[in-house]
Amino acid sequence: MALKNKVQSILIPWWRKNTLLSSTSRTLNTFATGSDNRIIKSPSLVSLDLPDEWTSSSTNCNAPSTNKLASEETGRVIDGKQIAEEIISGVACEVERMKKTIGEVPGVAVILVGERRDSQTYVRNKIKACEEAGIKFSLTEFSEKCSEDEVCDAIMGFNMDPSFHGILVQLPLPQRLNEEKVLDVMRLEKDVDGFHPMNMGNLAMRGREPLFIPCTPKGCVELLIRSGVEIMGKKAVVIGRSNIVGLPASLLLQRHHATVTVVDALTSNPEEITREADILVSAVGVPNLVRGSWLKPGAVVVDVGTYPVEDDSCEQGYRLIGDVCYEEASRVASWLTPVPGGVGPMTVAMLLYNTLESARRIYKFV
């Protein structure tokens, strides 16, 4: 046993350093130099799998904890808009190559139920991005009073249409509709939002690769990777446990070897927990929920939440704010995403990327 522990203590750190970390470093370096032609920089999940074996590295149970203050670079903004534009540009190049090579382009169908302002904003952004990338787009709108059967019939129609390689139902749906029933109708190979139980299950399991990773969590991790944020071994806290963001974000961070804690509305001591986080992802849509006092100095903050606030000076008549009090967080965090202009554009970019990957898979286009 002693020999086994000794071997593990040597081999596992060596493997981590020379395989995974060098791969991550190589990814970031090639991105910086422009020599890597991949559209996104996130590695496959299976390539991240490590032996899940525990070793003891110290007998000292009273090692002092460190809580370094953020450097003079505190509050650097992660520009999700710029990164998303780079990804969409890469998708557009591949779409054009597909069109010239086989005469086909990817297609995505979006189903919107009701008149939620945030959902309408997301859909407008998706339409614009699809136009930029040359992706075929179809929008089907239903009133909030529509039936589940109407929505399911629309999905089944796109299931059978070979010109559409991705289908997404803009969530959340009105509460009276059974979200699970609606999503179960969708064909797995067209689930570009990654919410099918099979995709979610494969995201959770070591050694498995989902066909699609949910767009928003995938965008969050892509932002972290492109910003040079180390995920492995870090404490991550996810606020919110929704099927749309919170749950898949926690699973994806675990696959990247973060130690993840999920905070929800029933958590009794959220501030204490979030102050331990090296990486904080908040996705509940409660304006200014996370204050500066909730953050560990130097933490990386990813704000997924959006909340519309009436503002006549804005073209739409409202503006969006996030879960995080930006002014306070910017004085404590090392990196943080703005709202808008952070995670939102990345969600759209990941949708386009997933749709491209779906078309590639269906047409066997490489």
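Start at 1 with the first residue, then count along the sequence.
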Validation row: [X], [Y] side chains within 4.5 angstrom (heavy atoms):
| X | Y | value |
| --- | --- | --- |
| Val192 | Ile167 | no |
| Arg208 | Val46 | no |
| Pro217 | Cys220 | no |
| Val110 | Ser138 | no |

Checklist entry - Using the benzene-type ring in the case of Trp, are the ring centres of His196 and Phe212 under 6.0 Å apart? => result no
Quick test of your reading of the model: are [X] and [Y] salt-bridged, counting only N-O distances below 4.0 Å?
| X | Y | answer |
| --- | --- | --- |
| Lys181 | Glu148 | yes |
| Glu222 | Arg226 | yes |
| Arg319 | Glu310 | no |
| Asp278 | Lys235 | no |
| Glu94 | Arg97 | yes |

Item to check | Residue pair Asp149, Ser147: steps toward the side chain to side chain donor-acceptor pair (under 3.5 Å) verdict | outcome: CA-CA 5 Å; Asp149 287 342; Ser147 67; 5.2 Å; no
Item to check | Test item: side-chain donor near acceptor, Ser358 and Arg361, under 3.5 Å | outcome: no
Item to check | Lys136 to Phe164, cation-pi by 6.0 Å centre distance and 45° axis angle | outcome: yes
